[in-house]
Amino acid sequence: MTESNKEAAPGNPSNVPAKTMEAIVALCRRRGFVFQSSEIYGGINGFWDYGPLGVELKRNLKDAWWHDIVRCPAKGPDGNLISMAGVDCTIIMNPKVWVASGHVGTFADPTRKCPGCGHFVRADQLWDILATSSEWFASLLQEFTPVTGEIDTPRLIKWARGKGKKLAPNLALVRDPEVTLSFLATRVNGQPTAPPDLQEIVRHLATSQLHATGLQEPCPICGGALGEAKPFTLMFESHAGLDKTEDSKVYLRPETAQGIFANFRNVVDSTRVKVPFGIAQIGKAFRNEVTPRNFTFRSREFEQMEIEFFIRPDSAKEWYAFWRDARFNWWKSIGLAGENLQLREHDRDELSHYAKAGAGTSDIEYRFPFTAPGFGELEGVAHRTDFDLRQHAEHSGLGDKLKYFDQEWQVKLQGEGVAKEEINKKVKYFPHVIEPSAGADRGTLALLCEAFTPDAGRPSGVFMKFHPRMAPIKAGIYPLVNKDGMPEIADKLYMELRGKFNLEFDEKQAIGKRYARMDEVGTPYCFTVDSDTAKDQTVTVRDRDTASQQRIGIDKVGAFLAEKIGG
RNA sequence: GCGCGCGUAGCUCAGUGGCAGAGCGUCGGUCUUCCAAACCGAAUGUCGCGGGUUCAAGUCCCGCCGCGCGCUCCA
């Protein structure tokens, strides 16, 4: 193609899209990676379908994970091959599982969160709690004249600067006494015939004047302005059986982890695994997110790839570090190798309740176009201590029967001459858990974002630079033109290899158009049969990233692909 | 959940009260000798959904749904 032709072609530079989420979403839809769920009915917020190419991409990701984690795991920090067992648990489980895990109960009722201190308050109990068990509220009440309820401004300012500062640091009155009280005075003077009652006064004292459009209500702990009331059960509910009663209520699992914990005993008893070992699972989970957003990044239905790795409590540090680094390197190995991937150790105040005492929590994060310059979580690696197994031991009534008996350790301690009593204390225990928990949909999205490469040299202005192992289609097998025996040779090659690789055969239209299509769906190689093939048994290999070509023997194509795609 | 913006063919968009359109892509044909060639032909629309105003609504009004952005949320 000449330079002037290029200007006229659809691939002229003005067609090169910026690497924005909008452009990525458009390509996903145009080429069949991701569609909106039930789109013909207007879609449904937070749910997405994978199309013909998307399902291949996501499957390649999951297959690579399963292969590298379950079937063919690496060596651990102790130099031994890692022991890993797979499971596939149901989405709906006995509801008691979610009581034990803490998902039911704590957050089931309309609840308000304090942005200042993070405290949760039941919405319907707020005023009761303020009246009966809020330290600052009790102290503040003493500053009002009991009978008249008159507002003594200097007295309240004094309180705000003294006791208030210690007891309710986030209360508007404490942060800015003059402005807050003038706000209240305006209200009192504005409607002298309808003086505010105590609740309204307190609302005024909790409201920064910036919020003059509506009154806030204070957190009983710190006085901060509470967020809106929300039912903090993010679990989807359903009913098992025809009778839709409270007793038949079940939940769609909000994480796959609990299925693993609930099966801990079964796996130990049926497979001869010994601590340290892991149980791995890939499966759907559901969270009724308040705000699904950012394409598939936060969906209400999503797929997790989780490992619960069970270890002796005293080896948490080394296993935590091992899994954190191993998982980070794994994401690198499948193509997220650049600056867009980072490993971030959590600060202490970010840690979940059970992880506070642990060896740490870290996130493997990717810089998505919609988070940039920030990062979004792909996978979390957490030391969950023995929290989950203890919870299930307690709630199931199994108690110590859920403990692991470490016979290997027993023998070792006996050899070291440790006292029998001490050995017995040590060798029956709840294993600690290192949990690498990855999002399959987030991983797929990161692969799509990473692959998206604007390039003025391509007809559509963009090509998808997938790692060959992840690419939905591994190669195109094409006759250069649709005559002179070329289609027959190409077809024979295709039939030979299609069982081993996902390939495309296409004899229609100009060769450039076929290459261009493969660029846009990220196919790393195209093999083309031309007029020389019949003479010398070679084909051309066209490389997606460089658009360069070389000739190889037609009998070498399978080996070439196997080597490039790797595993 | 709140606020702002957006929604017409697969994609990018035009159409500001009067016949539903273009380019690209897709498909078929002629052709072909390595990067979306050319030519000929074809298919493709609940104008996001529902209601209202009007002789007449893609266009004006209301409600809803979906998407994006900012708050909020993310155990």
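A note on names: the letters A, B, ... follow the listed sequences, proteins ahead of strands, and every chain is numbered from 1.
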>> Once side-chain hydrogen bond (donor to acceptor under 3.5 Å, both in side chains) is applied, what residue pairs with a partner in residues 479-492 of chain A remain, sequence neighbours excluded?
In response: none
> If you look at every heavy atom in A:Arg253 and A:Trp98, which pair is closest and at what distance?
Replying inline: CB-CZ2, 3.4 Å
>> Please determine whether side chain to side chain contact (heavy atoms under 4.5 Å, CB included) holds for the pair A:Ile279 and A:Asn263, giving the CA-CA distance in whole Å, both sets of side-chain angles, and the decisive distance to 0.1 Å.
In response: CA-CA 9 Å; A:Ile279 305 179; A:Asn263 275 301; 5.7 Å; no
In Å and rounded to the nearest 0.5 Å, what is the [atom1] to [atom2] distance from [X] to [Y]?
{"X": "A:Ile364", "Y": "A:Glu377", "atom1": "CD1", "atom2": "CD", "value": "9.0 Å"}
{"X": "A:Gln342", "Y": "A:Arg367", "atom1": "CD", "atom2": "CZ", "value": "7.5 Å"}
{"X": "A:Leu61", "Y": "A:Leu447", "atom1": "CG", "atom2": "CG", "value": "5.5 Å"}

When you measure from the side-chain N and O atoms of [X] to the phosphate of [N], is any distance below 4.0 Å, counting only OP1 and OP2?
{"X": "A:Gln509", "N": "B:C27", "result": "yes"}
{"X": "A:Lys508", "N": "B:C27", "result": "no"}
{"X": "A:Lys513", "N": "B:U26", "result": "yes"}

Indicate, with a heavy-atom threshold strictly under 4.0 Å, whether [X] touches base, sugar-phosphate, or nothing.
{"X": "A:Glu22", "result": "nothing"}
{"X": "A:Arg31", "result": "base"}
{"X": "A:Gly46", "result": "sugar-phosphate"}
{"X": "A:Tyr41", "result": "nothing"}
{"X": "A:Met21", "result": "nothing"}
{"X": "A:Glu39", "result": "nothing"}
{"X": "A:Asn45", "result": "sugar-phosphate"}
{"X": "A:Glu520", "result": "base"}

Which nucleotide, in any strand shown, forms a Watson-Crick or G-U wobble pair with [N], with both distances under 3.5 Å?
{"N": "B:G17", "answer": "none"}
{"N": "B:G25", "answer": "none"}
{"N": "B:U32", "answer": "none"}
{"N": "B:C67", "answer": "B:G5"}
{"N": "B:G50", "answer": "B:C62"}
{"N": "B:C73", "answer": "none"}
{"N": "B:A43", "answer": "none"}

> For the side chain of A:Arg514 and the base of B:C35, is some donor closer than 3.5 Å to an acceptor across the two?
Replying inline: no
To the side chain of [X], which of [options] is closest?
{"X": "A:Asn482", "options": "B:U32, B:U33, B:A37", "value": "B:U32"}
{"X": "A:Ala26", "options": "B:A36, B:A75, B:U12", "value": "B:U12"}
{"X": "A:Arg517", "options": "B:U26, B:C67, B:C34", "value": "B:U26"}

Which whole-number value in Å describes the distance from [X] [atom1] to [N] [atom2]?
{"X": "A:Gln258", "N": "B:A75", "atom1": "CD", "atom2": "P", "value": "15 Å"}
{"X": "A:Ile40", "N": "B:G45", "atom1": "CD1", "atom2": "C1'", "value": "15 Å"}
{"X": "A:Arg287", "N": "B:C74", "atom1": "CZ", "atom2": "P", "value": "12 Å"}
{"X": "A:Arg29", "N": "B:G25", "atom1": "CZ", "atom2": "C1'", "value": "14 Å"}
{"X": "A:Leu226", "N": "B:C2", "atom1": "CG", "atom2": "P", "value": "19 Å"}

> Under the salt bridge (Lys or Arg N to Asp or Glu O under 4.0 Å) criterion, do A:Lys249 and A:Glu246 qualify, and how do the steps go?
Replying inline: CA-CA 5 Å; A:Lys249 192 195 274 183; A:Glu246 195 61 22; 3.2 Å; yes
> Between A:Arg442 and A:Arg551, which has a closest nucleotide on RNA chain B that is more 5'?
Replying inline: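 Looking at RNA chain B, the more 5' nearest nucleotide goes with A:Arg551.
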>> With ring-ring contact (aromatic ring centres under 6.0 Å, His included) as the test, pick out the partner of A:Tyr494 among A:Phe527, A:Tyr478, A:Phe505.
In response: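 Among the candidates, only A:Phe505 passes.
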> Going by heavy atoms closer than 4.0 Å, what residues in residues 292-304 of chain A are next to RNA chain B?
Replying inline: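 Going residue by residue through residues 292-304 of chain A, the ones with a heavy atom under 4.0 Å of RNA chain B turn out to be A:Arg293, A:Asn294, A:Phe295, A:Arg298.
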>> Determine whether the aromatic ring centres of residues A:Phe297 and A:Phe295 are separated by less than 6.0 angstrom.
In response: no
